[in-house]
Amino acid sequence: MEAVLVGAGQRGFHIYGQWAVMNPNRLRFVAVADPDRARRERFAAVHGLTPADCFEDGREMLEGSARAEACFVASSDRNHHQPAIRGLLAGYEVLLEKPMAATLAAAAAVTAAAEAAGGRLHLAHVLRYTPFFETLHDTVVSGRLGDLVTVEHRENIVAWHMAHSYVRGNWSRAESSAPMIVAKCCHDFDLLHWNLADEIVGLASFGSLFEFRPDRAPVGATPRCTDGCPVEDCPYDARRVYLDMSRTGWPVHVITDDLGLEARLEALRSGPYGRCAYQAGSDVVDHQVVTMQTSAGTSVTLVMHGHSDREERTMRYDGTRATLRGTFGREQRLTVSDHVTGNSEEIPIEARAGGHGGGDSGLIESFLASAESGDPPLTSASESLESHLLAFMAEAARVEGRAIDVSAARRDLESQVSNLKS
């Protein structure tokens, strides 16, 4: 299948682009759009594109003559919805990175465009495509746990990842990105929506920026880690993360294309990733808790935080018949403990290579199969809109300090989508 790409950064170049390089008989990129000239030229060199195939603005590429069957949208969060809508209107099969938009109104506009175009929009909720979460889902919906009473889901972000993405990186400022609970956890809300038989009807949320503030900086901390900072035991020391020459992939390739030591040092001296985490100016939360209730009375809790010793999601589903415990990270493990016998069984999980526990490759395979067969997307715009509704309502509950009637918000959102389609 031939495709065009909007956004040749981390996801566009290193995930979708590299998959095409490894699978040239399945996917070939024929055009790219990115405002960064170096990224355009890098992508063009790898994929054999001419200058005529490279665009600074996705609008020109997408509103011209259709160049391919598929369009991958992997631009920044605030630049997701417009190319997605343009791609749909131009007749492309569109794979859109999450979140689908940086505001709920824009997400509604994307959904309306997708439904008007026949639903040919696929959302990149990669965790749905992992063997781990496929197995968890099958176990929950099988009825083996009985009726669900409580669900606990934790997104535990390792401390250096928090500093990289949400303190120094692209998601550090609310004005330039989606809220952190949306950007990071629309995955998790999607999983909960997928696994729960009943709709969420109400929620409340609490959270704040606890750690990454100037008043929390250690005595003597310098504006940059490379300024001779004397704090030797800082968990967020950029030198420890980016100057480790054994690291050649993410996150180092985000700060510089040249992975040599001097280029890394220069990136820390002059770029955003060398700033002191306490003085970098982040204004997004570093921890947030969301409590929810379903129409059946199930209590659901989602915890997101950036102070973990390791990168992993952990979860617990307690039903009337059994309890499921799961860990998804460096190790992947699912166990079910029966309430009658007291026996615990470890559920086998298929091994699959690739990023996000095999989800990246699973997502691309599913997208191509759906596009070629015409079968409905596993994660369509309308399906994904529910997870975005929950994430944006969680942020509204946190900011406004009140519980949210999700049922009423859902009706309003459905009305918005309907009006936009008419």
Side-chain angles (χ1 to χ4, degrees), residues 3-13 15-17 29-37 39-40 43 53-125 170-171 173-180 182-184 186 190 363 367 371 377 379-389 391-392 395 413 416-422:
V4 299
L5 174 70
V6 180
Q10 159 63 17
R11 295 287 296 174
F13 181 81
I15 304 301
Y16 303 128
F29 284 101
V30 298
V32 62
D34 194 294
D36 187 305
R37 179 179 176 180
R39 287 182 174 179
R40 292 197 305 272
F43 193 87
D53 302 320
C54 301
F55 301 82
E56 183 175 350
D57 187 347
R59 178 192 293 269
E60 182 182 358
M61 181 179 73
L62 295 173
E63 293 185 351
S65 301
R67 294 170 173 267
E69 301 164 80
C71 173
F72 287 68
V73 178
S75 47
S76 60
D77 289 1
R78 288 196 172 271
N79 295 310
H80 277 182
H81 68 285
Q82 291 179 340
I85 292 172
R86 291 189 186 110
L88 289 164
L89 293 176
Y92 287 96
E93 196 89 12
V94 178
L95 176 61
L96 174 62
E97 267 300 308
K98 63 87 186 171
M100 61 197 303
T103 67
L104 192 55
V110 172
T111 303
E115 293 183 356
R120 305 315 303 170
L121 180 75
H122 309 242
L123 266 295
H125 286 298
N170 293 338
W171 296 272
R173 300 288 297 177
E175 64 185 10
S176 58
S177 66
M180 185 177 172
V182 177
K184 194 74 179 81
C186 63
D190 177 66
L363 165 70
F367 171 65
T379 45
S380 63
S382 57
E383 178 77 358
S384 186
L385 189 60
E386 176 69 15
S387 63
H388 286 68
L389 169 67
F392 280 109
E395 182 65 359
L413 187 59
Q416 288 181 46
V417 173
S418 179
N419 290 337
L420 288 167
K421 287 168 58 180
S422 60

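The basis for the numbers below is simple: all heavy atoms, side chains too, and nothing from hydrogens, waters or symmetry mates. Residue indices begin at 1 and follow the sequence shown.
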Can you list everything that forms a side-chain hydrogen bond (donor to acceptor under 3.5 Å, both in side chains) with N170? Sequence neighbours excluded, please.
none
Under the side-chain contact (heavy atoms from CB on, under 4.5 Å) rule, collect the residues that match up with D36, sequence neighbours excluded.
D34, A38, R39
Partner of T111 under side-chain contact (heavy atoms from CB on, under 4.5 Å), chosen from L420, L413, V417:
V417
Set of side-chain contact (heavy atoms from CB on, under 4.5 Å) partners for H125, sequence neighbours left out:
K98, L123, C186, H187, D190, T379, S384, S387, H388
Suppose we screen for side-chain hydrogen bond (donor to acceptor under 3.5 Å, both in side chains). Which residues come up paired with S76, at least two apart in sequence or across chains?
N79
Specify the closest pair of heavy atoms between L363 and R11, including all atoms of both residues, with the distance to one decimal.
CD2-NH2, 4.3 Å
Counterpart residues, side-chain hydrogen bond (donor to acceptor under 3.5 Å, both in side chains), relative to H80 (two or more places apart):
none
Please list, chain by chain and in numerical order, all residues satisfying side-chain contact (heavy atoms from CB on, under 4.5 Å) with A391, sequence neighbours excluded.
V182, F189
Please identify each residue that fulfils salt bridge (charged side-chain N to carboxylate O under 4.0 Å, His left out) with D53, with sequence neighbours left out.
R67
Listed partners of R86 passing salt bridge (charged side-chain N to carboxylate O under 4.0 Å, His left out), at least two apart:
E63
On a heavy-atom basis, which atom in S176 and which in R78 lie closest, and how many Å separate them?
C-NE, 3.4 Å
Got a sec, which residues hit side-chain hydrogen bond (donor to acceptor under 3.5 Å, both in side chains) with Q10, two or more places apart in sequence or on another chain?
H253
With sequence neighbours left out, write down each residue that passes side-chain contact (heavy atoms from CB on, under 4.5 Å) with A3, or none if nothing qualifies.
L27, F29, A70, F72
How close do Q416 and A105 get, counting heavy atoms only, and between which atoms?
OE1-CA, 4.3 Å
Taking every non-hydrogen atom, the tightest pair across G12 and F43:
O-CE1, 4.0 Å
With F392 via ring pair (Phe, Tyr, Trp, His ring centres under 6.0 Å) - residues at least two apart:
none
